[in-house]
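Step one of this worksheet: look at the structure below.
Remember, predicted model here, so these are calculated numbers, not experimental data.
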Amino acid sequence: MTAHLSMHAHQFKASHDMMAMMDDVRLVRNLAYVNGKWTSGEQFLAVDNPADERVIGYMTLLSQQQIYQAIDAADKAFVTWRQWQADERARILMVWHDLIIEAKTDLARLMVMEQGKTLAEAMGEIDYGASFIRWFAEEARRSYGETIPSHIANAQLATIREPIGVAALITPWNFPCAMITRKAAAALAIGCPVLIKPAGETPFSALALAELADRAGFPPGVFNVITGEPEMVSKTLCHSTKVKALSFTGSTRVGKLLLQDAAQTVKKCSMELGGNAPFIILEDMDVDAAVQSALEAKFQTSGQDCLAANRIFVPQSMYEAFIERFAEKMRQLVVGNGFEKGVDLGPLINRKAAQKAQNLVVDALNKGARLITCDQTQSTDYRQPWPSNFFPPTLLADVTPDMDVYREENFCPVAGVLPYQDLDIMLAMCNDTEYGLAAYVYGHDIHQIWHCLRALEFGMVSVNSVKMTGHSIPFGGVKQSGVGREGSRHGLDEFSELKYYCLGALPTVSGS
Ligand code: NAD
């Protein structure tokens with residue numbers, strides 16, 4: 001992380017490129033949003049466009065003192081925000097939602113600039129992100145408690161759901177809008193103020209959401225975006241007794257560090273972590289349909305997706321045919337700047353990500369994988385120093401469990417394929433990972449499909465559909481892919497506590 005020290009915040013504005021593409025330039029913000037005010041730290045961090053590696057702007061880095069102030073402001077705001085009627089909170093959330101939809105093109109442009117994905121993907125993400133706001137605005141009106149048949153004489157027993165308090169939301173760069181709204185909408189709707197720490201690679205999407213939240217009229221302290229040095233900010237949030245919930249989306253490595261820090265204050269934690277999704281093709285599947293689905297499940301967001309197919313299991317009987325047709329389709333994918341028409345895959349987020357992709361390929365080749373050339377230029381030399389953030393779709397056949405591409409979350413457009421003969425042995429291989437986020441099954445035979453569904457140790461299993469996520473489903477993983485669920489009616493649980501009460505009857509005083 002390269003920070004620039006300056007006392008002159010005005011030097012650290014957004015680049016001309018970024019301002020020029022916006023219809024509404026006020027959406028481009030580089031200061032943090034705290035207690036209803038744009039707040040500058042003393043240091044600024046350069047943010048690059050992954051497509052050309054040029055600086056697009058600078059985000060401010062708040063000091064620890066400023067983080068404490070933000071926590072205090074949110075804690076103060078909780079006193080009143082929790083008392084608003086659910087309908088009233090829903091009304092503001094819906095204004096925020098509508099402003100996001102109105103600003104969709106600008107928000108998508110900002111996202112392409114800082115994240116690199118294609119404009120079409122970015123537009124889709126804004127819709128997806130906004131859908132959580134609408135969902136939770138409606139859902140929080142229905143956060144019912146329950147009555148309990150009493151085991152105590154003359155008593156009424158019941159539960160109510162109460163907002164937990166200030167919520168810290170720490171989010172990744174791969175979905176710079178939706179990973180924020182999926183958390184923030186649930187927390188805000190149920191009555192919790194939020195402190196959002198976006199990834200340093202993609203702060204501008206978060207700050208634009210803050211500008212729209214400001215316009216929507218959230219009371220000061222309810223909606224905050226705090227930018228700063230990740231470890232300091234996260235530790236400060238985790239160690240504060242005023243922060244009651246921690247919701248994190250990111251890598252399993254960082255998730256474990258945060259869980260340790262949050263243990264200091266016994267916080268309620270929800271963790272959406274990494275994945276290693278198996279993509280299973282059953283014997284009775286048509287090869288072309290399997291190829292098309294594998295393509296969609298692998299290459300969205302250039303493979304930088306926790307749901308991306310990470311290991312493609314193909315029946316031995318169709319193995320070579322699958323590889324041939326998959327490679328044919330992969331050769332048609334266009335890699336380029338996300339703003340250009342016809343581009344399917346934008347750049348990876350940074351050089352480190354491209355080098356990781358390269359290392360996965362080299363490791364697999366050293367261990368005996370077969371490289372099927374899909375690069376349109378046919379000139380990629382995977383053993384040379386990597387020259388840019390762009391990485392071609394790469395197909396590795398004959399992948400084995402000792403390879404990193406099989407074991408690790410790929411997060412890049414490298415597709416590892418392997419054959420199988422026995423369904424149960426293959427299912428055991430699918431489960432032989434510390435991850436348990438998502439799995440895909442493609443086939444017709446309902447008995448086999450049901451067998452797979454039951455056997456797969458994953459939080460989400462999608463059968464014959466690449467599209468599995470959305471506002472109404474409980475998104476989340478098992479094992480080291482996470483704790484808790486986002487979206488659906490269960491998403492509110494992460495930001496609320498169940499309070500039980502026992503309402504006894506005082507003995508009647510005789511004569512009264
Ligand atoms: P990351 O773990 O590196 O960073 C996530 C967040 O943590 C960022 O805000 C970052 O600034 C912060 N952070 C980084 N290092 C930190 C540290 N040492 N201490 C405290 N905070 C720190 O993840 P990423 O690279 O931004 O995102 C990619 C990962 O996110 C992948 O593993 C992907 O699977 C996961 N992800 C999961 C889901 C899900 O819903 N399960 C969704 C999207 C992404």
Side-chain angles (χ1 to χ4, degrees), residues 13-30 46-59 100-130 172-181 198-209 211-212 295-296 298-305 308 330-354 357 374-377 380 386-393 411-413:
K13 288 260 156 64
S15 69
H16 177 72
D17 292 358
M18 187 141 96
M19 299 306 267
M21 71 176 181
M22 300 294 285
D23 291 332
D24 178 356
V25 291
R26 286 191 308 142
L27 289 174
V28 183
R29 294 284 183 176
N30 69 340
V47 178
D48 291 343
N49 178 340
D52 57 17
E53 297 178 285
R54 280 167 49 187
V55 173
I56 53 169
Y58 297 83
M59 76 167 193
I100 289 172
I101 296 296
E102 270 171 39
K104 183 159 103 178
T105 309
D106 269 351
L107 293 173
R109 289 168 177 152
L110 275 181
M111 196 185 294
V112 177
M113 271 239 157
E114 63 180 359
Q115 204 282 339
K117 62 180 68 181
T118 66
L119 190 61
E121 285 175 328
M123 298 282 268
E125 186 184 334
I126 303 299
D127 280 334
Y128 175 56
W173 49 260
N174 63 338
F175 290 93
C177 167
M179 295 304 97
I180 290 177
T181 55
E201 292 84 353
T202 56
F204 294 114
S205 295
L207 295 167
L209 290 176
E211 167 64 24
L212 296 172
L295 210 65
E296 288 168 30
K298 178 70 217 179
F299 294 107
Q300 280 185 18
T301 326
S302 302
Q304 302 171 111
D305 185 338
M330 282 172 65
R331 280 180 206 114
Q332 292 164 18
L333 294 174
V334 178
V335 180
N337 188 314
F339 279 117
E340 282 166 23
K341 281 217 167 67
V343 164
D344 301 294
L345 273 72
L348 297 182
I349 190 70
N350 52 32
R351 286 293 177 105
K352 205 169 136 212
C374 298
D375 171 17
Q376 286 175 338
T377 63
T380 306
W386 205 258
S388 76
N389 295 340
F390 292 99
F391 205 88
F411 241 55
C412 64

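Here Glu201 pairs with nothing under the salt bridge (Lys or Arg N to Asp or Glu O under 4.0 Å) rule; sequence neighbours left out.
Residues Met113 and Pro50 approach most closely at O-CD, 3.4 Å, considering heavy atoms. The two residues Leu295 and Met330 come nearest to each other via the heavy atoms CD1-CG, 3.9 Å. In terms of heavy-atom proximity, Val335 sits nearest to Val343 at C-CG1, 4.3 Å. Between Pro393 and Leu345, the shortest heavy-atom distance links the atoms CG-CD2, 4.1 Å.
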Test side chain to side chain contact (heavy atoms under 4.5 Å, CB included) on Asp23 and Arg109; report intermediate values, then the result.
CA-CA 10 Å; Asp23 291 332; Arg109 289 168 177 152; 3.3 Å; yes
Show your working on side chain to side chain contact (heavy atoms under 4.5 Å, CB included) between Phe175 and Thr301 and close with a plain yes or no.
CA-CA 9 Å; Phe175 290 93; Thr301 326; 3.7 Å; yes
Might you work through the side chain to side chain contact (heavy atoms under 4.5 Å, CB included) test for Phe204 and Val47, ending with a clear yes or no?
CA-CA 9 Å; Phe204 294 114; Val47 178; 3.7 Å; yes
Should Arg54 and Ser15 be marked as a side chain to side chain contact (heavy atoms under 4.5 Å, CB included) after you check the CA-CA gap, both sets of side-chain angles, and the distance that decides it?
CA-CA 9 Å; Arg54 280 167 49 187; Ser15 69; over 6 Å; no
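For the pair Gln115/Trp173, a side-chain contact is recorded, criterion being any heavy-atom separation below 4.5 Å from C-beta on. Contact of the Ile56 side chain with the Asp17 side chain is not registered, since no non-hydrogen atoms from C-beta on lie closer than 4.5 Å.
Here the side chain of Lys117 pairs no donor or acceptor atom with the backbone of Ala108 at under 3.5 angstrom. In this structure, the side chain of Asn174 engages the main chain of Gln304 through a donor-acceptor pair within 3.5 Å. Judged by distance alone, with hydrogens and angles left aside, the side-chain atoms of Ser302 form no donor-acceptor pair with the main-chain N or O of Leu348 at under 3.5 Å. Panel note: side chain Asp305, backbone Gln300; no donor-acceptor pair is recorded below 3.5 Å.
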